[in-house]
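Following: one structure in C-alpha cells, then a few remarks.
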Amino acid sequence: FDTVLARARATYLGLAIGDALGATTEFMTPGEIKAQFKVHRKIIGGGWLYLKPGQVTDDTEMSIALGRAVLSSGGWDLQGIADNFVTWMRSKPVDIGSTCRRGIRDYMLKGQLETPYNDWDAGNGAAMRMAPVALLTLGDEEAMSRFAISQAHLTHNHPLSDAACITIGRMIHQAIGSCDRFQLHATTRELVAEYKSFRFNKYQGNASSYVVDTLQTVFHYFFTTADFEECLVAVVNQGGDADTTGAIAGMIAGAFYGLDAIPLRWLKKLNRDVRIEVEQQAVDLAKLSPWSGDP
Amino acid sequence: MKKVECIIKPFKLDDVKTALSDLGIAGMTVSEVRGFGRQKGHTELYRGAEYQIDFIPKVKIDLVIPEDQVNEVVELVQKEACTGRIGDGKIFVSDVGQAVRIRTGETGPESL
Amino acid sequence: MKKVECIIKPFKLDDVKTALSDLGIAGMTVSEVRGFGRQKGHTELYRGAEYQIDFIPKVKIDLVIPEDQVNEVVELVQKEACTGRIGDGKIFVSDVGQAVRIRTGETGPESL
Amino acid sequence: MKKVECIIKPFKLDDVKTALSDLGIAGMTVSEVRGFGRQKGHTELYRGAEYQIDFIPKVKIDLVIPEDQVNEVVELVQKEACTGRIGDGKIFVSDVGQAVRIRTGETGPESL
Ligand SMILES: Nc1ncnc2c1ncn2[C@@H]1O[C@H](COP(=O)(O)OP(=O)(O)O)[C@@H](O)[C@H]1O
Ligand SMILES: Nc1ncnc2c1ncn2[C@@H]1O[C@H](COP(=O)(O)OP(=O)(O)O)[C@@H](O)[C@H]1O
Ligand SMILES: Nc1ncnc2c1ncn2[C@@H]1O[C@H](COP(=O)(O)OP(=O)(O)O)[C@@H](O)[C@H]1O
Ligand SMILES: [Mg+2]
Ligand SMILES: [Mg+2]
C-alpha cells in the first residue's frame with residue numbers, strides 16, 4: 001500500500017506542478033513560446049496572470065477545494081464540494097473559468113447542484129478536477145465514474161466532458177495500480193471508440209480548452225515521451241490551455257512514473273503551502289479508498 | 001438579459017465592485033462621465049473671479065446580467081453606492097436582446 | 001420611462017442644457033465621445049505630412065425621462081442642437097424598464 | 001432599429017471600422033472605457049511595491065442600424081475583433097424606438 005500512497009502523492013503533485021509550469025505559457029502559441037523561451041522548462045510564474053514562481057491557478061485550487069470537502073465529510077459530499085467552490089470563488093482567486101463561475105454562481109444563488117446540458121460545456125474545467133476523485137475511489141471504478149459525473153455536472157454538463165473525466169479517472173487508477181503503458185493506451189482507445197473526435201494518432205497541435213483538444217494534447221505527448229519531465233515539458237511548450245493540459249498530463253504522468261520521476265527543482269519551486277496540502281490530501285484520500293483495506 | 005447602468009460617485013467604485021464580486025460578478029464596463037442634477041459643482045477661482053463648475057464627475061458602470069439576477073444586483077448597488085447625500089446617482093435597467101462573447105462566439109447568458 | 005440619447009456638437013451643450021432647464025429638466029449624464037460619419041475630421045501636420053483625423057469630438061447626453069415627455073424633449077434638442085451643417089448628430093430613444101435614485105431608494109419616474 | 005454596442009480591444013478599432021465600411025456602414029459613435037473581467041491588468045511598481053492594475057482600457061462602439069442588418073453586423077464585428085485571447089470583449093444588441101438626424105429632422109432608419 002505504501003507504493004500506492006507514494007503514487008497518489010505523485011498524482012496530486014503532478015497536477016500542481018503541471019499547473020504552475022504551464023501557467024507561464026497559457027494562451028501562447030508554440031512559435032511565441034519558442035521565441036521567448038527556446039524551451040520552457042522552469043517554474044518561473046509570469047504568464048497572462050502575472051503569477052509568482054510556483055503559484056498555482058484554478059486547476060489546483062478547485063481540486064484542493066473538492067478534496068477538502070470530501071475529507072471533512074469523510075466521504076463523497078456534493079453539497080460540501082459546492083459550498084467549498086463558493087468559498088473559493090469569493091476568495092478572489094487568480095483566475096476562474098467562465099463556465100465554472102456560472103455553475104458556482106447558480107449554486108450560490110439557487111442551490112442548483114446540476115447545471116443543465118449545454119453545447120458550450122465541452123471545456124476542460126471538470127476534467128481538470130479529477131485527481132481527488134480518482135484518489136478517493138481507488139479500487140472502485142464504478143464509484144469513480146459516478147462521482148466524476150456528479151462533480152463535473154456542478155459546472156459542466158456535456159457528454160464529451162463526462163467521458164474525458166471518466167477516462168482520466170480510469171488512467172489514474174490503472175497507473176497507480178502499476179499497469180504498463182499499453183494498458184493506458186488501450187484505455188484511451190476505448191474513449192476514441194466511443195467518441196471518435198478524441199483520436200490523437202495524427203495529432204494536429206490543437207491545445208485549446210476544448211476538452212477534445214486538451215486530451216489529444218495530453219495523450220499525444222504522454223505516449224511519445226519517456227518520463228515525467230519530458231512529458232510535461234512537451235505538453236506546456238504546445239501552449240494553448242497550457243496550465244490545464246500540463247495539470248492533466250501531470251496527474252497521469254505522476255501516477256504512472258511515480259514520485260522519484262518528479263524533478264526536484266520543480267518540487268522545490270512549487271508553492272510550499274500548496275505542496276504540503278496536496279501531498280497530505282493525496283495520502284488522506286487514498287486512505288479513505290477501498291484499496292486501503294480499512295473497514 | 002438586462003443591462004444595469006449605474007451612475008455613481010467615483011469614490012464608490014471600489015465598494016460596488018467588491019460587493020458585486022461577492023455575488024460572483026466580476027465582469028463589467030466602466031466609463032467616466034459628467035453628472036448634472038441637483039448636486040452643485042464646486043466653485044473654482046479663475047482669473048480672480050469665482051466660477052461654479054456645473055457638472056460633477058461621476059462613474060458609470062454598465063453590467064449586463066441574466067434577467068433573474070436584476071433585483072438582487074440593483075439592491076446591492078443601491079446599498080453600496082448610497083451615502084445619503086445629494087448626487088449619489090441613479091440605476092437604470094433596460095433590455096438586452098442579444099449578447100456575444102467575441103473571443104469564442106458564445107451567445108446568450110453564457111457569453112456574460 | 002425612456003432614455004433619450006443625444007449625440008451633439010460639443011459647443012451646443014450649453015444651449016441644449018439651458019433649453020432643457022426651461023422645460024424643468026436639470027438631471028442628465030454627459031460624456032465625451034468620438035463621432036465617425038459623413039463629417040470629415042480636420043487635417044493635422046505630423047512630421048511634415050498631412051494626416052486626416054478621422055473622428056470628430058462629440059458630446060453625448062443621456063437623459064432618462066417619463067414617457068410622456070419624449071416628443072417635447074426630442075423636438076427641443078433637435079431644434080437647439082441643429083446648425084444645418086453635416087455632423088450635427090443624432091437622437092436615439094430607447095426603453096428603460098426600471099429606475100432607482102440611489103440616495104433614497106425611490107423607484108420609477110419619481111426617481112428621475 | 002437596433003443599437004449594437006461593441007466593447008473591443010483598442011487596437012482592433014481600425015480593423016472593425018474598415019470591415020464595417022465594406023458593408024457600407026460609416027456612421028458610429030466611439031468612446032473609451034475601462035473593462036473589468038478575467039483579463040488581468042499589468043502590474044506597476046509604486047514606492048517599491050508591485051500593484052496590479054485591475055482594469056483594461058477598451059473601446060466601445062455604438063452603432064444604430066436597421067434591424068435587418070443586425071446578424072450580418074454582429075457576425076462581422078465578432079470575426080474582426082476576435083484574437084482568441086481572453087479580453088476580446090462583448091457585443092450587446094438592444095432596441096431603439098426612435099432615431100432623429102439633428103441636421104435635417106429626418107426620423108427612422110433614414111436618419112442613420
Ligand atoms: N434624468 C436623468 N437622466 C440621466 N442621468 C441623470 C438624470 N438625473 C440625474 N442623473 C444623474 O444622476 C446624478 C445625481 O443626480 P442629482 O440630481 O445630483 O442627485 P440625486 O439623485 O441624489 O437626487 C447626476 O449627477 C447625473 O449623473
Ligand atoms: N449609425 C450610427 N450610430 C450611432 N451614431 C452615429 C451613427 N451615424 C452617425 N452617428 C453619430 O452622429 C454624428 C454625425 O453623423 P454625420 O454622418 O457626420 O452627420 P449627419 O448626422 O449630419 O448626417 C457622428 O459623428 C456620430 O457620432
Ligand atoms: N457582464 C458584463 N457586462 C458588461 N461588460 C462586460 C461584462 N463582462 C465583461 N465585460 C466587458 O468585456 C471585456 C472582456 O471580458 P473578459 O472577462 O476579460 O474576457 P472574455 O470576454 O474574453 O471572456 C471586459 O473587459 C469588459 O469590458
Ligand atoms: Mg487555470
Ligand atoms: Mg487553463
Side-chain angles (χ1 to χ4, degrees), chain B residues 1-10 12-13 15-16 19 29-41 52-62 65 67 69-97, chain C residues 1-8 10-34 57-67 69-70 73 77 80 92-112:
Chain B
M1 291 161 289
K2 297 289 183 184
K3 175 198 267 198
V4 179
E5 193 172 352
C6 319
I7 296 153
I8 63 175
K9 288 171 168 159
K12 279 291 187 176
L13 179 61
D15 294 337
V16 170
T29 299
V30 171
S31 44
E32 295 178 2
V33 295
R34 296 188 240 160
F36 295 85
R38 296 169 51 190
Q39 186 185 6
K40 295 291 159 248
Q52 176 105 45
I53 304 299
D54 66 349
F55 67 83
I56 313 271
K58 300 288 175 200
V59 148
K60 175 157 97 81
I61 300 174
D62 279 348
I65 52 177
E67 187 155 355
Q69 295 171 11
V70 170
N71 290 343
E72 182 166 39
V73 167
V74 169
E75 193 170 328
L76 177 139
V77 174
Q78 190 270 326
K79 205 159 124 292
E80 270 320 305
C82 180
T83 68
R85 292 209 170 98
I86 294 237
D88 278 349
K90 311 285 184 196
I91 301 170
F92 301 123
V93 182
S94 56
D95 215 54
V96 172
Chain C
M1 293 160 286
K2 298 288 183 182
K3 175 198 267 198
V4 180
E5 193 173 352
C6 319
I7 297 153
I8 63 174
F11 71 81
K12 280 291 187 177
L13 179 61
D14 284 346
D15 296 337
V16 171
K17 292 211 319 74
T18 302
L20 285 169
S21 77
D22 290 344
L23 267 193
I25 295 178
M28 67 193 74
T29 299
V30 172
S31 44
E32 296 178 2
V33 295
R34 295 187 241 162
K58 300 289 177 198
V59 147
K60 174 157 97 81
I61 301 174
D62 279 347
L63 262 217
V64 179
I65 52 178
E67 187 155 354
Q69 292 179 9
V70 171
V73 166
V77 174
E80 271 322 303
F92 301 123
V93 183
S94 56
D95 217 53
V96 173
Q98 286 169 247
V100 179
R101 186 194 306 275
I102 289 176
R103 167 168 55 96
T104 59
E106 273 166 292
T107 59
E110 296 82 75
S111 70
L112 302 176

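All chains are named by letter (A, B, ...) in the order of the sequence lines, taking the proteins before the strands, and each is independently numbered beginning at 1. Any value given below was found using the heavy atoms of this structure, including those in side chains, with hydrogens, waters and symmetry copies removed.
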Original post:
Pairs in or reaching into residues 13-26 of chain C: which pass salt bridge (Lys or Arg N to Asp or Glu O under 4.0 Å), with residues at least two apart or in two chains?
Top reply: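 As it turns out, the salt bridge (Lys or Arg N to Asp or Glu O under 4.0 Å) pairs with a partner in residues 13-26 of chain C, which skip direct neighbours, are B:D54-C:K17, C:K12-C:D15.
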
[Y] and [X], any side-chain heavy atoms less than 4.5 Å apart:
X     : Y      : result
B:V33 : B:V59  : no
B:F92 : C:L112 : yes
C:V30 : B:F55  : no
C:V73 : C:L63  : yes

**OP:** Can you tell which part of C:L13 gets under 4.5 Å to a heavy atom of chain B, answering side chain, backbone, both or neither?
**Re:**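 Side chain only.
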
Subject >> Residue C:S111 versus chain B: region with a heavy atom under 4.5 Å >> reply: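 Answer is backbone: N, CA, C or O of C:S111 sit under 4.5 Å from chain B.
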
**OP:** Only counting residues at least two apart or in another chain, list the ones meeting side-chain hydrogen bond (donor to acceptor under 3.5 Å, both in side chains) with C:T104.
**Re:** C:E106

Original post:
Is it the side chain or the backbone of B:I56 that comes within 4.5 Å of chain C heavy atoms, both, or neither?
Top reply: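 Nothing of B:I56, per the 4.5 Å heavy-atom cut-off to chain C.
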
Original post:
Under a 4.5 Å heavy-atom cut-off, does chain C meet the side chain of B:K58, its backbone, both or neither?
Top reply: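 Contact with chain C involves no heavy atom of B:K58 at all.
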
Original post:
Is the number of heavy atoms from other residues, nucleotides or ligands within 6.0 Å of CD (B:E32) greater than 12?
Top reply: no

Subject >> Between C:A99, C:S21, C:S31, C:S94, the one whose heavy-atom pairs under 4.5 Å with chain B are most numerous >> reply: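 Top option by heavy-atom pairs under 4.5 Å: C:A99.
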
Original post:
Among C:V64, C:I25, C:T107, C:D95, which residue forms the greatest number of heavy-atom pairs with chain B at distances under 4.5 Å?
Top reply: C:V64

Subject >> Residues of residues 1-9 of chain B contacting chain C, heavy-atom criterion under 4.5 Å, by residue number >> reply: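 The stretch touches chain C at B:E5, B:I7, B:I8.
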
**OP:** Could you please spell out the steps behind the side chain to side chain contact (heavy atoms under 4.5 Å, CB included) verdict for B:V70 and C:Q98?
**Re:** CA-CA 10 Å; B:V70 170; C:Q98 286 169 247; 3.8 Å; yes

Could you give the side-chain donor-acceptor pairs of residues 78-85 of chain B under 3.5 Å, partners two or more places apart or in another chain?
residue, atom, partner, partner atom, Å
B:Q78, NE2, C:I102, O, 2.8
B:T83, OG1, B:R85, N, 3.0
B:T83, OG1, B:D88, OD1, 2.6
B:T83, OG1, B:D88, OD2, 3.4

